[in-house]
K.L.:
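Input: one structure, supplied below.
Order of the sequence lines sets the chain letters (A, B, ...), proteins ahead of strands, with each chain counted from 1. Values reported hereafter were calculated over all heavy atoms of this structure, with side chains retained and with hydrogens, waters and symmetry mates removed.
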Number of protein chains: 2
Amino acid sequence: MEFCVTSLLRDKGFKVTPQRLAIYNALAATKAHPSAEMIYNELQPIYPTMSLATVYKTIEILKELDLVQVLNVGEDSFRYDADTTNHPHVRCMCCGRVDDLHGVDAADFVGKVAAQTDYTITGQQFYFYGTCPECQRKASTPS
Amino acid sequence: MEFCVTSLLRDKGFKVTPQRLAIYNALAATKAHPSAEMIYNELQPIYPTMSLATVYKTIEILKELDLVQVLNVGEDSFRYDADTTNHPHVRCMCCGRVDDLHGVDAADFVGKVAAQTDYTITGQQFYFYGTCPECQRKASTPS
DNA sequence: CTATGTGCAAAATGTTTGCAGACGA
DNA sequence: TCGTCTGCAAACATTTTGCACATAG
């Protein structure tokens, strides 16, 4: 996996730096869909001198290499996902966490939409909003 | 229509001001899903003294009254839609315009998703990306 | 050794806030 | 008249940029 990123970077003429690997690995290792700042905070203990600008610049490259996708869940910042398969996401309106929704077939729906519009559809993004299991539990058993 | 907004504002204890009516009317009169700045620019000729802050504050109220919904098409700013029915949107990756996608039944798809997750689903937002008819035409007949 | 990358600080962008004067009810 | 609203400017948060030094190849 790490080898893969290394060669992908090199192939496109990008240099392989510890920061770039660390940022990609942090993204690949989590399902939390972190924002730039969350990645930065997570890497602070390991790379105390790394700057937020480096996180942004690296994400830009990772996007170019199709190694991450960008999420726009309605917050004031973007989130990033190293799983670049096209899957829907859910955001908990209570605690703010964002989860994947795998295993739902959207092809029918996308097909119907594509048939209804004059646009040429090249991609889509589905966001669901609700309450996650933990927040449901918290809500039903008040302290 | 205008009467309706007036009384909705009054009912909730908000004052009815020309700026608020103008902002809502501007939103209700267009299908372009303008951002705060686009609304501001559109109203400049008629209300030259109006500030962007007023646009933002008014939109906040309109959201509270469920008179507008917020769109997050992946740009760096939000867009607003006075059509509060839950319908998908398409964004042209070429010219940036955002259009409605009415007449597509999402109930099946939403139902499948809701059945697959432990979240309680309370809402959703579908964004499609592609090329609008005009940009397709432009692309096929280069100057 | 050279070109690119990093880290810092400053800038840019979009949005929010505080406050004095204006205005709707 | 009174309380809220407006408009301005300043504050804020997120992301981008410029540049000197560091480092991968």
K.L.:
Spell out, as yes or no, whether a donor-acceptor pair under 3.5 Å connects the side chain of A:Asp81 to the backbone of A:Asp83.
P.N.:
yes
K.L.:
Taking heavy atoms of chain A and a 4.0 Å limit, find me the 5'-most and 3'-most nucleotide of DNA chain D within that range.
P.N.:
D:dT14 to D:dG25
K.L.:
Can you tell me if A:Thr17 touches the phosphate of C:dG5, counting only side-chain N or O atoms and a distance under 4.0 Å to OP1 or OP2?
P.N.:
no
K.L.:
Go through the side-chain N and O atoms of B:Gln136 and A:Thr120 and say whether any donor and acceptor fall under 3.5 Å apart.
P.N.:
yes
K.L.:
Quickly work out the B:Met50 CE to C:dC23 P distance and round it to whole Å.
P.N.:
15 Å
K.L.:
How long is the line joining CG of B:Asp76 and P of C:dT15, in whole Å?
P.N.:
8 Å
K.L.:
Is any side-chain N or O of A:Ser51 closer than 4.0 Å to OP1 or OP2 of C:dT6?
P.N.:
no
K.L.:
Could you give the CD-to-C1' distance, from A:Glu75 to C:dT15, as a whole number of Å?
P.N.:
15 Å
K.L.:
Where the side chain of A:Phe14 is defined as all heavy atoms beyond and including C-beta, which of C:dG7, C:dG5, C:dT15 is the nearest nucleotide?
P.N.:
C:dG5
K.L.:
Could you give the OH-to-C1' distance, from A:Tyr56 to C:dA11, as a whole number of Å?
P.N.:
15 Å
K.L.:
Which comes earlier along DNA chain D counting from the 5' end, the contact point of B:Gly13 or that of B:Tyr47, where each point is its nearest nucleotide?
P.N.:
B:Gly13
K.L.:
Salt-bridged, B:Asp99 to B:Arg97, with N to O below 4.0 Å?
P.N.:
yes
K.L.:
Can any side-chain N or O of B:Thr117 pair as donor or acceptor with the backbone N or O of B:Ala114 at less than 3.5 Å?
P.N.:
no
K.L.:
Using OP1 and OP2 only, check whether a side-chain N or O of B:Gln19 sits under 4.0 Å from C:dC23.
P.N.:
no
K.L.:
Specify the separation, in whole Å, of atom NZ of A:Lys12 and atom P of C:dG5.
P.N.:
14 Å
K.L.:
Return the value, rounded to whole Å, for the distance between atom NZ of A:Lys15 and atom P of C:dT4.
P.N.:
7 Å
K.L.:
Heavy atoms from C-beta onward define the side chain here; which of C:dC19, C:dT6, C:dT15 lies closest to that of B:Lys57?
P.N.:
C:dC19
K.L.:
Pick the closest DNA chain C nucleotide for B:Phe78 and for B:Val16 by heavy atoms, then say which residue is nearer the 5' end.
P.N.:
B:Phe78
K.L.:
Angle class for the A:His33/A:His89 ring planes (parallel below 30°, perpendicular above 60°, tilted otherwise)?
P.N.:
perpendicular
K.L.:
When you check the phosphate oxygens OP1 and OP2 of C:dT6, does a side-chain N or O of A:Arg20 lie under 4.0 Å from one of them?
P.N.:
yes
K.L.:
Would you kindly give the CD1-to-C1' distance between B:Ile61 and C:dG24, to the nearest whole Å?
P.N.:
13 Å
K.L.:
Using whole Å, report how far CD of B:Glu60 lies from P of C:dG14.
P.N.:
18 Å
K.L.:
Would you call the rings of A:Phe126 and B:Phe128 parallel, tilted or perpendicular, taking 30° and 60° as the class edges?
P.N.:
perpendicular
K.L.:
Using 4.0 Å as the upper bound for N to carboxylate O, is an ion pair formed by B:Glu134 and B:Lys138?
P.N.:
no
